[in-house]
Amino acid sequence: MTDAGKDPEHADFYERFCAFWKDPSGERVLEIIAPDASIHFTGAGFMSGTQYAAFMGETLAALEELVVTPMDCAGNGDMLYIAWEAAANIHGERRTYRGVDRFRLKDGMAVEEHVIFDSAVLLPEGRGGIEQV
């Protein structure tokens, strides 16, 4: 962890984000995302935190063997950025891609989230997403 180690709220949220991805579910989304949060998800548009919990339940069920690995984070004030890598079986092949979530935190909960990644990786023809170096 980078700068988040300097801010206890960032460090706590990052640890809870990591714990979520060790055992993800739609219901558990609301452990870190406020029900009235503003969520902006690449390729899926805008939704509330409650809608996001339902969306994530469907997404987790649809992506075979999805594994999300938080890689690092950095923050400033109420903003926290978490870089992650995901791998899943998509359209019959194992695909790995990277992204970043940008959170606005309030009282330990995300009240805003932008999930940013190249959503073309989810299409049948795919695309590499953010390339690994």
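Both backbone and side-chain heavy atoms feed into the values below; hydrogens, waters and symmetry mates do not.
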Salt bridge check, Arg102 against Glu112: does any charged N sit closer than 4.0 Å to a carboxylate O? yes
Of all residues at least two apart in sequence or in a different chain, which pass the ring pair (Phe, Tyr, Trp, His ring centres under 6.0 Å) check with [X]?
| X | answer |
| --- | --- |
| His40 | Phe46, His114 |
| Phe103 | Phe13, Phe17 |
| Phe55 | Phe41 |

Pairs flagged by side-chain hydrogen bond (donor to acceptor under 3.5 Å, both in side chains) wherever residues 48-58 is involved - sequence neighbours left out: Ser48-Gln51
Is a side-chain N or O of Asn89 found less than 3.5 angstrom from the main chain of Gly92, in a donor-acceptor match? no
With no hydrogens and no angle check, is any side-chain donor or acceptor of Arg95 less than 3.5 Å from a backbone partner on Val121? yes
ILVMFWY cluster, Met47 and Ile33 together (side-chain gap under 4.5 Å): yes
Pairs flagged by salt bridge (charged side-chain N to carboxylate O under 4.0 Å, His left out) wherever residues 41-56 is involved - sequence neighbours left out: none
Going by the salt bridge (charged side-chain N to carboxylate O under 4.0 Å, His left out) test, which pairs reach into residues 23-48, not counting sequence neighbours? Arg28-Glu31
How long is the gap from CD on Glu9 to CG on Asp107, to the nearest 0.5 Å? 7.0 Å
Would Ile90 and Tyr97 count as a side-chain contact (heavy atoms from CB on, under 4.5 Å) if you check the C-alpha gap in whole Å, the side-chain angles of each, and the deciding distance to 0.1 Å? CA-CA 11 Å; Ile90 302 170; Tyr97 55 101; 4.1 Å; yes
Start with the C-alpha distance between Leu105 and Leu80, add both sets of side-chain angles, then the distance that settles side-chain contact (heavy atoms from CB on, under 4.5 Å), and finish with yes or no. CA-CA 7 Å; Leu105 304 179; Leu80 180 65; 4.2 Å; yes
If you count the non-hydrogen atoms of other residues, nucleotides and ligands that lie under 6.0 Å from CG in Asn76, is the total more than 12? no
